[in-house]
Protein chains: 2
Amino acid sequence: MAKRVSTKDKILNAAEALFAEHGFEQTSLRQITADAEVNLASVNYHFGSKKALIQAVMARYLEVLMPALERELIQLAEQPQVSTRAVFDCFRAPLNELREVRKHGPTIFLSLLGYAYADIQGHLRRYTMDHFGDVMQRLLATLHLANPQLSPVDMFWRLHFVLGATVFAQVSGPALREIAAADFGEAIEADQVIDRLIPFLAGGVDALTE
Amino acid sequence: MAKRVSTKDKILNAAEALFAEHGFEQTSLRQITADAEVNLASVNYHFGSKKALIQAVMARYLEVLMPALERELIQLAEQPQVSTRAVFDCFRAPLNELREVRKHGPTIFLSLLGYAYADIQGHLRRYTMDHFGDVMQRLLATLHLANPQLSPVDMFWRLHFVLGATVFAQVSGPALREIAAADFGEAIEADQVIDRLIPFLAGGVDALTE
DNA sequence: TTTAAATTAAAACGCATGTTTAAAATGTGC
DNA sequence: GCACATTTTAAACATGCGTTTTAATTTAAA
């Protein structure tokens, strides 16, 4: 008794898996529709274009993550003391909530975000900026609470270094985990990468300016 | 009296500029040969394939940077004390030497490196790993001198976070500099991004493990 | 100057992409 | 059960890509 899944959802599920593994540009509609076992034309019928499909895939996660992250940041800002580490820890719970979207939601989303950011010139920059813009502003403000000694422009740059390390670690994650397992005999899960990442990021943001 | 430039060099120059701005996959041979004002087929005639052209573009910089970086790292390892910051400062002189290859050599090279790394699945991963492998080992070893309290696998991950932040900062650099200039009225040069980056990286590597 | 090699040039090839079309099939409300 | 809207299907379309081919041209050696 297989449960009926709509063509639209079949496409979204197949697309997000392929996008997370190979990136947006590297994934063709033919691969997606083959995996989803639907007709090629149904993507354009249901979503209009590949661009719109990409945004729909991202939206499923953003609509869960963004309100949760904003909630955490607002809550943190009410504390008398705010540390850089506490700011980054704000991401933990919202990312974990993505598990409700999908089992490996946190990993998938971060991979997608990585590819979205890597696609510098593309339409995704504007799209993600439109959705991330206000949260980024709040992030900057909260980080400034934690590091009042850093100028806004200093914090701007460090926040983007943080983003860079994060999305890059995630995109390179599978290959790196493979290398690490081979070289150090220590296989870590994808989810644990962020545990290694957060202390690094906090240390970088807190570093003294030169 | 215009100086004669060989077709091969015209292609290399046009290709590296387009690659650094748009990435490897996003740049077509037709764009390159149009900019270089040479025939489309000359790329395959002189280089054999687009892959080989990409490698030739990278090689011009790698052949200058790698020996210089190795020299610096060897020299540093002879010191009685090695700090993380000192390790990253080892990159400054070798990167600056790329100015002899081209005026904006350091910036161009880091952009190329960013795209090379972003191209996870591609042939460039193997190519760059082949050329970077031993230097990466030396980097790991030198960083371990600076941070004996970190385990090799910890250092492995942090080094890749470093790489991620670096290449991402460079690829996103132009867009970010634009935003920074608009939001903070402060336009910084591409070369200065690395001055902001190095303290961040050193702080991240030196951070306490959780 | 002649002859052979190296280079440039224009055109086409084969392939993959996103998209559109038009007909067939399915579902839905009366 | 009919009529209409929705969805699925197969095929073709238009475009851009890296590459190859073949001939013309330039260069260099004899």
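This one's a predicted model, so the numbers in the text were calculated from it and none came from an experiment. By convention in this document, chain letters (A, B, ...) are assigned in the order of the sequence lines, proteins followed by strands, and residues within each chain are numbered from 1.
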Seminar exercise, completed: In whole angstroms, the gap separating P of D:dC17 from CD of A:Glu25 amounts to 13 Å

Problem set entry | Value in whole Å for how far the P atom of C:dT19 lies from CD1 of A:Ile11 | 13 Å

Exercise. In whole Å, what is the span from the CG atom of A:Leu29 to the C1' atom of C:dT17?
Worked result: 8 Å

Exercise. Does C:dA16 have OP1 or OP2 sitting under 4.0 Å from an N or O in the side chain of A:Ser28?
Worked result: no

Exercise. For the side chain of B:Arg30 and the base of D:dG16, is some donor closer than 3.5 Å to an acceptor across the two?
Worked result: no

Exercise. Just by protein heavy atoms under 4.0 Å, how would nucleotides 4-9 of chain C read 5' to 3' in B, S and -?
Worked result: --SBBB

For this session: Salt-bridge test for B:Lys10 and B:Glu37: reply yes if a basic N is under 4.0 Å from a carboxylate O, no otherwise.
Result: no

Exercise. Roughly, in whole Å, what's the span from NZ in A:Lys51 to P in C:dT17?
Worked result: 18 Å

For this session: Before accepting this row, confirm whether a basic side-chain N of the pair A:Asp154/A:Arg158 lies closer than 4.0 Å to the acidic partner's carboxylate O.
Result: no

Seminar exercise, completed: side chain to side chain contact (heavy atoms under 4.5 Å, CB included) filter on B:Pro94, not counting sequence neighbours, yields B:Leu65, B:Ala68, B:Leu69, B:Glu72

Seminar exercise, completed: When rounded to whole Å, the CD1 to C1' distance for the pair A:Ile32 and C:dG18 reads 11 Å

Problem set entry | Nucleotide D:dT22, atom C1' - distance to CG of B:Asn44 in whole Å | 15 Å

Problem set entry | Between D:dT19 (C1') and B:Phe47 (CZ): distance, integer Å | 16 Å

Exercise. Mind checking whether A:Phe24 and A:Phe19 have parallel, tilted or perpendicular rings, split at 30° and 60°?
Worked result: tilted

Exercise. Any side-chain donor paired with an acceptor under 3.5 Å for A:Ser42 and A:Asn39?
Worked result: no

Exercise. Below 4.5 Å, heavy atoms only, C-beta onward: do B:Ile32 and B:Leu29 meet side chain to side chain?
Worked result: yes

